[in-house]
Amino acid sequence: MEIETFWQDFKNRHPEIKTNHHDTYAMGGTDENATILAHLIARGIKTATTSAVDLYGPDEPLPFVGEYNVILDGHDQPICVTQTKVVETIPFNQVSAEHAYHEGEDDRTLASWRREHRAFFQAAYQQEGQSFTEEIPCCCEVFERID
C-alpha cells in the first residue's frame with residue numbers, strides 16, 4: 001500500500017487527528033531487521049527506540065512529543081502508526097534498563113541493549129567518518145502504537 005494512502009486511511013479512522021505531519025521510517029539498518037522491528041511495534045512489544053543524535057543530518061529534525069510516525073517494514077510497506085510520547089537525550093552509557101526493556105528486542109536486558117546498540121552505532125559512526133564513544137548523545141524515544 002502506498003504510504004500516503006495508508007496515512008489518509010489512518011486519519012479517516014481517527015477524525016480527531018487534525019495534523020497532516022508525520023514521520024515515515026523503517027528501523028534496524030537491514031531489511032530483515034526492519035521487518036522484525038516493525039512487527040514488534042505492531043504487536044505492542046517494542047514501545048521505544050534509540051537513535052544517535054550526532055548522526056541526524058542538518059535538515060533532519062529529532063523526534064518530538066506528539067509526533068505521528070508511519071512505521072515501515074523492510075520492503076517499505078507501512079505496518080502501523082505510532083505517536084511519540086517521550087523524548088530524552090541521554091548519553092549512551094546512561095541509558096536505563098527500563099528503556100532497554102521497552103525497546104523490546106533480544107532478551108530485553110540492558111546488557112543485550114548495550115551490546116547490540118554499541119555494534120550498530122559503531123558501524124554507523126564509522127560510515128560517517130566519526131568515532132563512537134560511550135558518551136555519545138542518544139535520542140531515547142518512547143511511543144505508543146495508535147493503529
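Computed from a predicted model, the values in this text were never measured in an experiment.
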Engineer: Using only heavy-atom distances, determine whether the side chains of H22 and N69 contain a donor-acceptor pair under 3.5 Å.
Structural biologist: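 No, because no side-chain N or O of H22 sits under 3.5 Å from a partner of the opposite role on N69.
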Engineer: Would you list the pairs meeting salt bridge (charged side-chain N to carboxylate O under 4.0 Å, His left out) in which at least one residue belongs to residues 18-30, sequence neighbours left out?
Structural biologist: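 Passing the test, one end in residues 18-30: no pairs.
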Engineer: Would E134 and R118 pass as an ion pair if we require N to O under 4.0 Å?
Structural biologist: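 Salt bridge flag = yes for R118 with E134.
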Engineer: With side-chain hydrogen bond (donor to acceptor under 3.5 Å, both in side chains) as the test, would you mind laying out the steps for H117 and T50 before giving the verdict?
Structural biologist: CA-CA 8 Å; H117 283 76; T50 305; 4.6 Å; no
Engineer: Is a side-chain N or O of K11 found less than 3.5 angstrom from the main chain of T19, in a donor-acceptor match?
Structural biologist: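 Between the backbone of T19 and the side chain of K11 there is a qualifying donor-acceptor contact (under 3.5 Å).
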Engineer: Do other residues, nucleotides or ligands put more than 12 heavy atoms under 6.0 Å from E60 CD?
Structural biologist: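 Atom CD in E60 is packed in, count exceeds 12.
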Engineer: Can you list the steps and then say if E105 with K46 is a salt bridge (charged side-chain N to carboxylate O under 4.0 Å, His left out)?
Structural biologist: CA-CA 7 Å; E105 300 169 39; K46 181 174 179 60; 2.6 Å; yes
Engineer: With sequence neighbours left out, write down each residue that passes side chain to side chain donor-acceptor pair (under 3.5 Å) with T35, or none if nothing qualifies.
Structural biologist: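 For T35, no residue satisfies side chain to side chain donor-acceptor pair (under 3.5 Å) once neighbours in sequence are set aside.
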Engineer: Donor-acceptor pair, D106 side chain versus R108 backbone, under 3.5 Å?
Structural biologist: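 Judged by distance alone, no pair lies under 3.5 Å.
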Engineer: CG of D107 to CZ of R115: how many Å apart, nearest 0.5 Å?
Structural biologist: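 Going from the CG atom of D107 to the CZ atom of R115 covers 7.0 Å.
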Engineer: Can you get from I36 to I79 by hopping between Ile, Leu, Val, Met, Phe, Trp and Tyr side chains that sit under 4.5 Å apart?
Structural biologist: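 They do not share one cluster, since no chain of ILVMFWY contacts under 4.5 Å joins I36 to I79.
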Engineer: Where do T24 and L72 land on the side-chain contact (heavy atoms from CB on, under 4.5 Å) test, with the steps shown first?
Structural biologist: CA-CA 7 Å; T24 301; L72 306 176; 3.7 Å; yes
Engineer: Please check: side-chain N/O of Q122 versus main-chain N/O of F132, any donor-acceptor pairing under 3.5 Å?
Structural biologist: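 It does not hold such a pair.
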Engineer: Tell me, please, which residues at least two apart from Q127 pass side chain to side chain donor-acceptor pair (under 3.5 Å).
Structural biologist: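 Applying side chain to side chain donor-acceptor pair (under 3.5 Å) to Q127 gives none.
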